[in-house]
Protein chains: 4
Amino acid sequence: MARIKTEIREQFMNQTRQALLNAAAEEFARQGYELANINTISNKAGFAKGTVYNYFPTKQALLLALIDDIAQEHFEHMQSAVITTEDPIGRLESFFQAGFEYVATQMHRARAMFNTVNSSNQEQKNHCFQAYQPMFQLIAAQILSPGMHQGIFRPVDPMSTALLLMTIYLGTASQVDEQGRPWLDPDQVADFVLRALRAAG
Amino acid sequence: MARIKTEIREQFMNQTRQALLNAAAEEFARQGYELANINTISNKAGFAKGTVYNYFPTKQALLLALIDDIAQEHFEHMQSAVITTEDPIGRLESFFQAGFEYVATQMHRARAMFNTVNSSNQEQKNHCFQAYQPMFQLIAAQILSPGMHQGIFRPVDPMSTALLLMTIYLGTASQVDEQGRPWLDPDQVADFVLRALRAAG
Amino acid sequence: MARIKTEIREQFMNQTRQALLNAAAEEFARQGYELANINTISNKAGFAKGTVYNYFPTKQALLLALIDDIAQEHFEHMQSAVITTEDPIGRLESFFQAGFEYVATQMHRARAMFNTVNSSNQEQKNHCFQAYQPMFQLIAAQILSPGMHQGIFRPVDPMSTALLLMTIYLGTASQVDEQGRPWLDPDQVADFVLRALRAAG
Amino acid sequence: MARIKTEIREQFMNQTRQALLNAAAEEFARQGYELANINTISNKAGFAKGTVYNYFPTKQALLLALIDDIAQEHFEHMQSAVITTEDPIGRLESFFQAGFEYVATQMHRARAMFNTVNSSNQEQKNHCFQAYQPMFQLIAAQILSPGMHQGIFRPVDPMSTALLLMTIYLGTASQVDEQGRPWLDPDQVADFVLRALRAAG
DNA sequence: TATGAATGAGAGTTCATTCAT
DNA sequence: AATGAATGAACTCTCATTCAT
């Protein structure tokens, strides 16, 4: 009984926490970290200013928790798309498609992440890279390695190439016009990358 | 006589202006726009706070003037490297080499520019793109077009490909470790891009 | 219960607001709007600088709220004095007596208002006139009109004469020596005005 | 010869000084003392910022010199109008007519003076009263005294009545609508005052 | 747990004044 | 006499954070 009560409470707390994270995503996306306003975030989430501090000790802790949330969701979205096929080429195409899809459907979260990854604050930037380690692993282990083993991709260093692909993904997916539409399309980018990776002959 | 006096004065003013721009580059690079401190900038340049406002009406105007300064210098550095050879492949290699070189030698200016290009402030971002138009033209007209005409590069849309290359350049050149060394090297990146661009066969 | 709590809180807030308005009156009276210092105001009220901005969005909003407060209090003071007698002559004498009384007892508030009414800032000046509309009505409807109807006052245009009387009141009541004592006394002024208004013969 | 040179120089200096005073009048009228900008004033006069300080040691000194200039001109304008007739009633009417005329023709100077007379700065206010002493004398000695001696005006205290008339003049002449037209006209005001002053019977 | 009044450090900007030219 | 670059004190306003309720 007490257990159940506790669970219900936790669920409520999680709801509040999620509401705050969602509102934070929107605000961090629109304004960037420095200009983001804690008051605006809490109000957007339907709470008062002080409530944020019941869940996150500081503004930066809120951002970093958000980044963790985003990175995990982002990773799961990409992974599930990538592993639906065995073909390394298809996987790479899926990677870019799923990536652009994520940016399109989770605009706020994606932009909050872009802003943080490009932040001049080293701590925030590093936290992003940490949180995105699984994504690098995904590229290296689930796309590049199989491709090289099957002789479809030329031999490359998996980690630095994963970094390059990730850079290309982040760079191209984050460039959008004033209406939020990307300047480049994922197939075009995937095609470009595939030509660069394909084994000769 | 008056002319000479005026010229000397203008030279002095330009010196002050340049000192402020240099200090601003350092501060904007280290802190990003929002955290950059006008007082710190002017002191770094050897002046009092108010002096900044004799040269730039607002903090943002200072940033945008700096971006113009950087973009021009950056462009000139790249252009002079690119046009030393007729060979499109060499030109593309030179482009990345000169690019990474610029980032290495003009660290502050380059980082200030990266921060601005990735800013969540649309006005600042747009200003960057405007200021970098010559660079896009350089890629399209001096590298891609000749390469395609000579049958060395496969046919691509020059502008969107220039955008892609620029994105790759900015993305890869801006990724540096804590000591400021790039994670990827220009030849590796140029090689990757060349494989993607080369005409089949 | 919640209602009671809310009421208590509101009462507290009103106390803070009033304390700020009182401190503001003192400061605006002594220094005028431009030289008035928000920090001084909040400290005088027993609060920190930022607290002012929990109640008034800007310095000018604080001034205008104060003007509204003063105008209402001022009007109520004058009205209650005026309507205690039916006699138009007595009413006019009461008007000036109560007016000088208000200035003497509410020195800060009165001076803050004088400063604002004479401000070179049109917006502030206009706000004063708006806030003092009831006072013009009081003069026209409760003093001049009855006086004319009873044949005690000669026929005059009520509104422009109300304006003239108000001008005379403000002008004479605001002239004080270094110790704050008025140069003219209300009975003298009332007598002067009465002679100008009385019906011939 | 040296004398002549000196005179020419003085004339030049006086020209510069006058240009500065005129520009100051405009700025002090529009903005009030605190918001008036020394740079704006000097530029309006066709000089650089520093030039002001060759003629006036401080901003306030500039204001006070301007007040002296205005008070003298204002007085001369009123005096010459007042003394054209021997009739005290005509003199009083002329006083208000000339007064409103001065405000209409020397709008900037008049408004600068109104702003200063109503300033919360005691020093500035007092300086105004000092500078306007001749005007009080004019009212008392050239209008009220003759009127009383001729039995046209009832007996009043000349100085306090002069103060009252001056207050009424300043109050009514300074009230203008957004187009700068006065709300009351001088004859109306003079008529009001005359009724208050006329000897009974 | 949720609230929101209070805090106060900190920032950008203005501008009277100085002074070397 | 005229200039205008440099100065730096002073000000308004913002906002992350605290804490009593």
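Predicted, not measured: the structure shown is a model, and the values here were computed from it. Values below: all heavy atoms of this structure, side chains included; hydrogens, waters and symmetry mates excluded.
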How close or far is atom P of F:dA9 from atom CG of B:Asn39, stated in whole angstroms? 11 Å

For residues 28-42 of chain A, the side chain to side chain donor-acceptor pair (under 3.5 Å) pairs (sequence neighbours left out) are A:Glu27-A:Arg30

Considering every strand and a 4.0 Å limit on heavy-atom distances, what is the contact class for A:Ala36: base, sugar-phosphate, or nothing? sugar-phosphate

Check this for me: does the side-chain of C:Asn54 come within 3.5 Å of the base of E:dA6 through a donor and an acceptor? yes

Which pair of non-hydrogen atoms, one from D:Ser120 and one from C:Asn115, has the smallest distance, and what is that distance? CB-ND2, 3.7 Å

Can you tell me the distance, in whole Å, between the CG atom of A:Leu63 and the P atom of F:dA16? 13 Å

Look at the side chain of B:Lys49 and the base of E:dT13, then say whether one donor and one acceptor between them are separated by less than 3.5 Å. yes

Between D:Leu35 and A:Thr51, which has a closest nucleotide on DNA chain E that is more 5'? A:Thr51

Where the side chain of C:Tyr53 is concerned, which of F:dA16, F:dC13, E:dT17 is the nearest nucleotide? F:dC13

Of all heavy-atom pairs between D:Ile67 and D:Ala112, which one has the smallest distance, and what is that distance? CD1-O, 4.4 Å

If pairs are Watson-Crick or G-U with both distances under 3.5 Å, what is the dot-bracket string of DNA chain E, marking crossing pairs with [ ] and pairs to another strand with |? .||||||||||||||||||||

Measure CD1/B:Ile38 against P/E:dG10 and give the value in whole Å, please. 17 Å

C:Phe47 CZ to E:dA6 C1': how many Å, rounded? 8 Å

N/O donor-acceptor pair, side chain B:Asn37 with base E:dA11, under 3.5 angstrom: no

Quickly work out the B:Asn43 CG to F:dG8 C1' distance and round it to whole Å. 11 Å

I need the CG-C1' distance between C:Leu62 and F:dC11, as an integer number of Å. 15 Å

Measuring to OP1 and OP2 of E:dA2, would you say a side-chain N or O of A:Thr16 lies under 4.0 angstrom away? yes

Given E:dG8, F:dA6, F:dA16, which nucleotide is nearest the side-chain atoms of C:Ala48? E:dG8

C:Ile41 vs C:Lys44 side-chain heavy atoms within contact, under 4.5 Å: no

Atom pair distance, as rounded to whole Å: CZ in A:Phe56 and C1' in E:dA2: 15 Å

Assert: residue with more 5' nearest nucleotide on DNA chain F, out of C:Glu34 and B:Gly50, is B:Gly50

For the residue pair B:Leu63 and B:His127, establish whether any side-chain heavy-atom pair is separated by less than 4.5 Å. no

Position toward the 5' end of DNA chain E (nearest nucleotide), B:Lys59 or D:Gln60: B:Lys59

Could you check how far OH of D:Tyr33 sits from C1' of E:dC15, rounded to whole Å? 12 Å

Of the listed nucleotides F:dA1, E:dA16, F:dA16, the one nearest the side chain of D:Tyr55: F:dA1

Tell me the closest heavy-atom pair linking A:Ala29 and A:Arg111, and the distance in Å. CB-CB, 3.7 Å

Would you classify A:Ala45 as touching base, sugar-phosphate or nothing, given that sugar-phosphate means primed atoms plus P, OP1 and OP2, and contacts are heavy atoms under 4.0 Å? nothing

To the nearest 0.5 Å, what is the distance between CG (C:Asn54) and CZ (C:Arg17)? 13.0 Å

